[in-house]
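So you know, we letter chains A, B, ... as the sequences are listed, proteins then strands, and number each from 1.
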2 protein chains.
Amino acid sequence: MTSSKDVAKHAGVSQSTVSRVLNTPEKVDRNKYEKVVQTMKELNYRPNSIARSLVKKQTKSIALISGPLHNPFFVETTTSIVNYSKQRGYNVNVHFENFGDNMSIYKDVLEREVDGIILSSILYDDPIFPELKKQNIPFIMFNRKHREPMNYVEMDNVQAGRIATEHLLGLNHQNIVYIGGPSTMTTFQGRYEGFRQVMEENDFEVTDHNARMTNTSEEAIREVMGGY
Amino acid sequence: MTSSKDVAKHAGVSQSTVSRVLNTPEKVDRNKYEKVVQTMKELNYRPNSIARSLVKKQTKSIALISGPLHNPFFVETTTSIVNYSKQRGYNVNVHFENFGDNMSIYKDVLEREVDGIILSSILYDDPIFPELKKQNIPFIMFNRKHREPMNYVEMDNVQAGRIATEHLLGLNHQNIVYIGGPSTMTTFQGRYEGFRQVMEENDFEVTDHNARMTNTSEEAIREVMGGY
DNA sequence: CTGTTAGCGCTTTCAA
DNA sequence: TTGAAAGCGCTAACAG
């Protein structure tokens, strides 16, 4: 591995001048600049990003905790997040949620220095948040929010629930049932709320029979649907 | 940010003892160990992975250059690679290939210190390889291989081409056409080869009419198929 | 088992 | 504009 020190030696300048060529080239004498750039090429020099991160306390990378890619939603979001981050000069460390053991992911994420964290698939009262706050690491949720007020980006789930319900009602259906995931996920809370609102506005009763909470596994949904 | 130095001070030990508690706890006096661990908790200490990487010259992270997730194949591979890496203590920096401008991805990848690179969606004579070799960064390809002998993991595309062709022939079809992607991708070279072999073994002629190379876009395929 | 010391490769004062 | 020097937070000899 050739370091800036090596470049400096070969180019006959100080190591700090090499550093300046990288960071503030305009403050370097034209000739020395050329000489240094040339030497870098010859020696195949690549600045060490780790060393830079250490002093700048900035890694230019962010962690993404995503839901599973088998859900097309996360295909879209992961792709966009990765590509946009790249465009802005950031790398993305991707992690996939691990049902039943998110703690190991949190541990993993906290162990690395990142400039920020983007998380989805987080529970209403997930234990990672107190930790994140304590460690003072910037983070933002998407597709979910937490019980406490924190930054998040989410679609309007209540409205989504309303639209779906209104659609069916508009088709003159009389027997509508809501099947949603657990209310520990805000996504489902909202959609249920939208369903409930529209149903009641139209004088339908919402009962345990036509509003079912289940988990999001195929089997569970199949079982619930079997009852109708 | 609290550092190991802070912990050392508060615990009344040297900084190297704090480091030892992290790395070789068995070589630390029981009492001091407890004291240090406790102090870490109190001060909310997290070891700085950047500093560690700098001295160990190991980042415990790998870069993945993947094809687009809209292709289910890459959903599977990305998921597996990320999860398995995690299990082995590695982080994954995910990048998606950028048709027409992979250079910017290569630049991006090279700029960060990683312990190795996994790449797919690489062309037969992609310019990243000379660079990788020059920089002496470990890498492996999957789903593709390069013109030069290098490490790769790939399915047996020739066999795949054979099986598909034999299947159709077994069904007594007489008019079989091969439509594949460009031969700059080894995947297609192999499949074509399998097709060709079986066809010729069965005394069918392979011509420009029944073997077509196209690109992998929906439109291109549609157009080719329109001709039959 | 422990502390002192050097040093990883860089950025950033500070004087010159 | 430049170089010398300090320091980011850690690991790794080394001597005791």
Smallest separation among heavy atoms of [X] and [Y], with atom names:
X       : Y       : result
F74(B)  : S120(B) : CE2-OG, 3.1 Å
E97(B)  : P68(B)  : OE2-CD, 3.4 Å
I128(B) : Y106(B) : CD1-CD2, 3.0 Å
T2(A)   : Y45(A)  : O-CD1, 3.3 Å
A51(A)  : V55(A)  : O-CG1, 3.1 Å

* Heavy atoms under 4.0 Å, any strand shown: does Y45(B) hit a base, just sugar-phosphate, or nothing? ->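 It contacts sugar-phosphate atoms only.
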* To do: Verify the ring-centre separation between F129(B) and F139(B): is it less than 6.0 angstrom?
  =>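 For F139(B) and F129(B), the ring centres are under 6.0 Å apart.
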* **Nucleotide range of DNA chain C lying under 4.0 Å from chain A heavy atoms** =>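 Here the contact window of chain A covers dG9(C) to dT13(C).
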* Near DNA chain D, which residues from residues 12-32 of chain A have a heavy atom under 4.0 Å away? ->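 Contacting residues: V13(A), S14(A), S16(A), T17(A), R20(A), K27(A), V28(A), D29(A), K32(A).
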* Earliest and latest nucleotide of DNA chain D, 5' to 3', sitting under 4.0 Å from a non-hydrogen atom of chain A? ->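 The contact span of chain A on DNA chain D goes from dT1(D) to dG9(D).
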* Short side-chain to backbone donor-acceptor contact, E154(A) and F142(A), under 3.5 Å ->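 Pair absent, no side-chain N/O of E154(A) close to backbone of F142(A).
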* Any donor-acceptor N/O pair, S3(B) side chain to K5(B) backbone, under 3.5 Å ->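 Side chain of S3(B) to backbone of K5(B), a donor-acceptor pair under 3.5 Å: yes, one is there.
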* **By salt bridge (Lys or Arg N to Asp or Glu O under 4.0 Å) - contacts of R212(A) (at least two apart)** =>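 Applying salt bridge (Lys or Arg N to Asp or Glu O under 4.0 Å) to R212(A) gives none.
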* For E218(B), salt bridge (Lys or Arg N to Asp or Glu O under 4.0 Å) partners two or more places apart ->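 So E218(B) forms a salt bridge (Lys or Arg N to Asp or Glu O under 4.0 Å) with R222(B).
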* Please give the angle, rounded to 10 degrees, between the axes at the start and the end of the helix from dC1(C)-dG16(D) to dA16(C)-dT1(D), where five pairs define each axis. =>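 Angle reported: 40°, given to the nearest ten degrees.
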* Asked: Among side-chain atoms of E193(B) and Q189(B), is any donor-acceptor pair under 3.5 angstrom?
  ->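 E193(B) vs Q189(B): no donor-acceptor pair found between side chains.
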* To do: Using a cut-off of 6.0 Å, state whether more than 12 heavy atoms not belonging to Y152(B) lie near its atom OH.
  =>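 No, not enclosed.
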